[in-house]
Amino acid sequence: MADIFIRHMEKTAQVALEIAQGWEAGEYAIWYHERASIPSISYVVQTGRALEQLASVVLIVSVHSLSSDQARHEIMRARESGKLFIPMFSQVIHSQFQTRQPLWHQIVSSASSIAFLTQSFFLYSAL
């Protein structure tokens with residue numbers, strides 16, 4: 001069973017990998033598509049199962065995720081299951097997140113958000 005589900009887009013796959021490695025160093029079990037998925041089983045089925053079993057969701061918010069229907073479905077499913085969210089911003093600022101996805105903002109409003117620069121992996125609190 002995974003502790004943390006990393007929700008990301010293909011363009012932020014390297015960032016997801018780096019985040020996963022950091023959490024795994026802290027002995028958390030991580031689920032993200034590139035490593036945990038099984039060929040020949042539907043992505044939708046696999047992510048649904050993972051979302052049911054995990055404790056929390058690291059949500060990598062990027063320009064691409066803000067317009068993704070699949071991201072919206074997964075976030076809503078995780079919310080309906082009462083999962084905790086850890087939003088992380090990749091080349092998006094908090095105000096863009098609030099404006100472009102107000103529902104997501106409401107869903108994760110109780111969480112602290114983190115922004116980072118991909119090259120240096122510099123972290124800071126955005127709230």
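Note that these values count all heavy atoms, side chains included, but never hydrogens, waters or copies made by symmetry.
The structure places CG of L59 at 13.0 Å from CG of L84, a figure rounded to the nearest 0.5 Å. Q53 contributes atom CD, which lies 9.0 Å from atom NZ of K83 (distance to the nearest 0.5 angstrom). Distance OG1/T12 to CZ/F89: 13.5 Å, rounded to 0.5 Å. Taking CD1 of I60 as the start and CE of M9 as the end, the distance is 11.0 Å to the nearest 0.5 Å. To the nearest 0.5 Å, atoms OH (Y28) and OG (S56) are separated by 8.0 Å. I19 contributes atom CD1, which lies 10.0 Å from atom CD1 of I4 (distance to the nearest 0.5 angstrom).
The shortest heavy-atom contact between S37 and Q46 is CA-OE1, 2.9 Å. Across A16 and I6, no two heavy atoms sit closer than the pair O-CD1, 3.6 Å. Residues V58 and M88 share a closest heavy-atom pair of CG1-SD, 3.7 Å. Between H8 and A13 the shortest heavy-atom distance is CD2-CA, 3.6 Å. Counting all heavy atoms, side chain and backbone alike, L51 lies closest to E74 at CD1-O, 3.7 Å. When all heavy atoms of A78 and V57 are compared, the pair lying nearest together is CB-CG2, 3.8 Å.
The backbone N or O of I93 lies less than 3.5 Å from a partner atom in the side chain of Q96, making a donor-acceptor pair. The backbone N or O of S65 sits nowhere less than 3.5 Å from a side-chain atom of R7 that would complete a donor-acceptor pair.
A 4.5 Å side-chain heavy-atom check between R72 and D69 finds at least one atom pair inside the cut-off. Residues R77 and E52 meet the side-chain proximity criterion, which asks for heavy atoms closer than 4.5 Å.
Using a 4.5 Å cut-off between side-chain heavy atoms of Ile, Leu, Val, Met, Phe, Trp and Tyr, with links allowed through other members, I41 and V44 fall into different hydrophobic clusters. Under the 4.5 Å side-chain heavy-atom criterion for Ile, Leu, Val, Met, Phe, Trp and Tyr, W31 and V45 are members of distinct hydrophobic clusters.
Counting non-hydrogen atoms of other residues, nucleotides and ligands closer than 6.0 Å to CZ of R100 gives a total above 12. The environment of Q21 atom CD is dense: over 12 non-hydrogen atoms of other residues, nucleotides or ligands sit within 6.0 angstrom.
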